[in-house]
Amino acid sequence: MNERELLITRLPPHALCLVQIHGSDLAQVGSLISGAVAAPGNSSTATAGPRVYAMGPTEWLLVDHSLDDVRRRLSAGLGRIMVRITDVSAAFSSLRVEGSAARALLASDIGAPRAAAARPGEYARTRMGQIDIFLHCVGPNSFDLHVDRTLVDYLHAWLDAQLEVHNADAG
Amino acid sequence: MNDARRLPAGGRIDRGRRISIQFDGKPFEGFAGDTVASALLAAGVRLVGRSFRLHRPRGILSAGLEEPNALLHVRIGRYEEPNVRATLMPLRPGLEVFSQNAWPSLRWDAGELFDLAPKLWSAGFYHKTFIWPGWHVYEPLIRRAAGIGRVRLAEALAGTFSQRDIEADVVVCGGGLAGAAAAAAAARGGASVVLVHASQELGGRAGLGRELTEELERESAVQTFQNTVAVGVFGEKVVLASQHLGWGPQGPRRCLLRIRARSLVMATGALEQPLAFENNDRPGVMLAGAVTRYLDHYGVRAGRAAVLVTNHDEPYGALERWSAAGIAVAAIVDSRAMPGPGAQAMAAMLGVQLIAAPRRLVVQGRAAVRGVRIQDASGKSRAIACDLVAMSGGWVPNVNLYSQALGTLSYERGLHAHVPVASVHQVYAVGGAAGLWDADAIQMHATQVGQEAAAATTGEDGARTAPARVPPSLPDRPTLSIGPTRFPGRAHRQWLDFQHDVTVADASAAVQQGYTRVEHFKRYTTTGMAVDQGKTSLRNSLDQLAQYSGQSLRDLKPPTYRPPYTPLALGAAAGPNVGRWYRPERCLPCHEDHVALQAHFDDVGGWRRPLHYATAATANACIDAEVHGVRTAAGLFESSPLGKLEVTGPDALEFLDRLYVNNLKSLGAGRVRYVLMLRDNGVVMDDGTVTRLGSEEFMVTTTSGNAERVYLWMREWAECEWPRLKVLITRITTAWGTVTLSGPKARDTLLRAGTDVDLSPQAFPHMTFRLGSIARIPARIYRVSFTGEVSYEINVPADRTRELWHALQNAGAQDHVRAYGIDALNALRTEKGYLHIGADTDATTTPLDLGWGPLIERKPADFIGRRALAIAEYQRPERLHLVGIVAADPRAPLLAGAHLLQSSAGRSEGYLTSACFSPTLGYAVALARLERGRKRLSANLLAYDQGRTTPVRVVSPAFYDPENLRLSG
């Protein structure tokens, strides 16, 4: 933790997979899929272990789930309904921003301002530093940022620069 | 301290804190709380600027953001900003302000010579420059003279600029009585409220009562942003506002707020309008309301002896206050034949002569008002000495932001102005912006609107509900007895738009030329198009348009209001997104390896990609060596940015067949096809490949720059147009890294790297696909080529791309396999005549222009854009066809962009789209778009580029290996 009480670290790789269904199947299997991947809601999930982000009504991003388990659970109830499960682990990287200044830093330039005021478990798909991110509040002052792997270096550097501005503003 | 015009007491300034500033190098003093304008007026300064076109001397007109004249260049330390309104700029230590648009000095400006022949520079001047003798004669002069103020970019960006997103149920623009009442009511209704106010203190002309002030201070649901100006409304109620956070060591600290609202309340007040009379632009002619404001807020007398010029009763009410403060009222000039009885009584009580409906009114004085000459209704002339002419042409609702939010307007005869007529889509106007004047009516109406705005966004349980209520109706607006806005006199000396020097004569000329529609009139005269956006000019200009064209103001629709409502600093617009943070930069999975190979990088489609590798003394030598390497051995190229989409489902084949020009129904499993995608207007949108991975599983590649666009295009068609097709689209561009190995030694290199795939040409021919492994890394391998050589496009999980790169580097070392960059790839594909979308095509190129007609005819099924291809325009024989070009002299270079002419005096018949010196062939080659190109093979033409002509010949675009023998090797 630095003098301004903020730490930005890169998290080890996660297993991520994307689950998609066709819109016409939503009414039949939407709740089944939510149940199978244990999605508590469209804006909150577990703060650790297997968790799931709703990307839209027919898409979910699963973190640290076992793909085989997911396939097995889904195949039991889906019958002929089409579900696509794609391993996208290599497409994402994750950063953790934690410390007492985390919320203020994130609020400085975020597309969905309420996300920076989230409670543990709440997440949002939003933009920061002109980049699409998943922002997940995993602790009182701790946030995980999941971002396209090709942009993670840029985002990390951008957060560092914002921190400097934030520190300067804080005096 | 020269403050002869300062009252000994009064105003909202801190008389205990003196602040020194400089204006044009001369020192002045004021107090904390002063603006530059109030300090200069207190010191008796009249001349502060020059007009844009005629360089007329100009003084301070107003006391707010509508100021059109007092635009100054500001410097504090390293920070500089042009066009800062003196009426808004607070004094601060170290402040230096400079007049603009004058040379050699403000007092003696050579540009004033333009005013000797104003008819030469009258309205329509720009229009006429296109007629005779030609725009090119005027262009250099106009470009040098254009603009108001000069931006010094480095200094202008020295401030600290940030940006912030905010959400609220109700956003109120304007913190006067109406805005504050609406905000408080909305908060009471359970809504979260953002209140944006341009100045430090809430309360406009009417002020806020203590009760309302305290309620707002108490109310946590109201987030108030002071010193914040709303500059525009965009899309679905997104308000853009510029917040001034004070000054830091580098300059101003500003934050651009993007505020998303569910309901918008516009409490932007009303703006006092000038009147048109001769020399109404002289320094010392001010708005009457501004005179009162300078007295009340700053304790400054704008003059010693004033003449009030008006066309309605309201300003009479201020005369007693002026007299008491020491401004002697010398006369009242009213454009009406019969001012109201109250007004007449006031004039009589003060003993001021009232001159009604004069035949002529002329302001005397050049750099400052010295008096007025009046010819009264009986024809008798008289001169009245004064140093201040206070004018008031009535107040018009400030509807700029309301109109940007798509609110509708209608002419209100009683106010002689356009006013909001009904709230639309939860956008409301209150207070002066709604045409209300009475404080009680304003507060009552604003409270109702605030409640309605809150109710439209929150249910009782806090849930969002759709608006279903009828908004509260407006109380009756007052009927003001507004007289003529123009006095009789010489039209070319009566100003309508102070910033752009538009006169009544210009309005007359516009109508004579037939520009009787508001939008045409505005553009011909340029009225309302300066940085003040017509705040003090639009009403009078429309009035003159109506008068000269015989139209009714009721029938004249006001022009379209556009952002910014008030000027926005460039730094604030850019925010933190400058320099390195201008836009996100993607790095390739093998970025560090490219760095190690001394790559020269550039931003290509948002990716940081190697242009070439520094293996020789010059860039061209590097590129030539890389091309030579690919043609003679093999080259490694990282093509990870290639767009990658998986399209799956029982209807995936049908879906893709409808999307692409090609007949994909015949595509077998494991086969790859080069494809072309069109927009629905028949124009080429993208190219790429489609690979059939399985019966219902396809892999689509797109150009790197179009990956996101094609993905969204597919989603739109799948979800909105063809929702019954069972198809899923998965974006996997960055999940997979891609390395292309290309050249005659590519196969040998892959074999040495180790693979379980049979690479023989028979088992793995060109345009096929195999699943397997390379160097023990699971891979998707495509035999496709953009170089004309045997190529393998190898896709592996992105986090294993570097592993693959290293393996191929090691395996290819003995054959001198080397990396090549974008520049070499461009040369390789140009030699081969391969198309580059965006370079060899533009927004008009169809597949017919590219020679795809026969293929399209063979496709039985429909596809996006097919119907559009039948239109006559696309069938014209003169269309630009894609052809190859070579120079007659093999040593002559060819440059992309050069025009193709029949003769040196001929017109352009096409242009070069891609060009390079071919290291393989030893001469320059180019692709071009040429009229009737395919019918003109072997024709001799000239390539013209910046005065230089090069004889060239039209050829087939395939320069290298036209039989494709090397591809299938």
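Both backbone and side-chain heavy atoms feed into the values below; hydrogens, waters and symmetry mates do not. Here is the naming used below: chain letters follow the sequence lines, and residue numbers restart at 1 for every chain.
Within the 4.5 Å cutoff, the side chain of I131(A) has heavy atoms near those of the P584(B) side chain. Residues R724(B) and S24(A) fail the side-chain proximity criterion, which asks for heavy atoms closer than 4.5 Å. Within the 4.5 Å cutoff, side-chain heavy atoms of T86(A) are placed close to those of I732(B). H22(A) has its side chain out of reach of L725(B): every pair of non-hydrogen atoms, C-beta onward, lies at least 4.5 Å apart. Contact check for Q20(A) versus I729(B): no side-chain heavy atoms found under the 4.5 Å cut-off.
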Set out, in order, the CA-CA distance, both residues' side-chain angles and the distance that settles salt bridge (Lys or Arg N to Asp or Glu O under 4.0 Å) for D165(B) and R127(A), then state yes or no. CA-CA 10 Å; D165(B) 288 85; R127(A) 286 173 75 80; over 6 Å; no
Please assess D799(B) against R149(A) for the test salt bridge (Lys or Arg N to Asp or Glu O under 4.0 Å), listing each intermediate value before the final yes or no. CA-CA 9 Å; D799(B) 50 0; R149(A) 64 174 286 129; 5.0 Å; no
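R84(A) touches chain B through backbone and side chain together, each having a heavy atom under 4.5 Å away. If you measure heavy-atom distances from W736(B) to chain A, you find no contacts under 4.5 Å at all. Contacts between A157(A) and chain B at a heavy-atom distance below 4.5 Å involve backbone atoms as well as side-chain atoms. Only the side chain of L18(A) has a heavy atom closer than 4.5 Å to any heavy atom of chain B. Only the backbone of I21(A) comes within contact range of chain B, judged by heavy atoms closer than 4.5 Å.
If you tally non-hydrogen atom pairs under 4.5 Å between each of T733(B), T801(B), T730(B) and chain A, the highest count goes to T730(B). In terms of heavy-atom pairs under 4.5 Å with chain B, the best-connected choice from D153(A), D87(A), I110(A) is I110(A).
In terms of heavy atoms, A735(B) sits closest to A90(A) at O-CB, 3.4 Å.
Judged by distance alone, with hydrogens and angles left aside, the side-chain atoms of Q130(A) form a donor-acceptor pair with the main-chain N or O of W581(B) at under 3.5 Å. No donor-acceptor pair under 3.5 Å is formed between the side chain of H591(B) and the backbone N or O of T150(A).
With rounding to the nearest 0.5 angstrom, the OH atom of Y154(A) is 8.0 Å from the CZ atom of R580(B).
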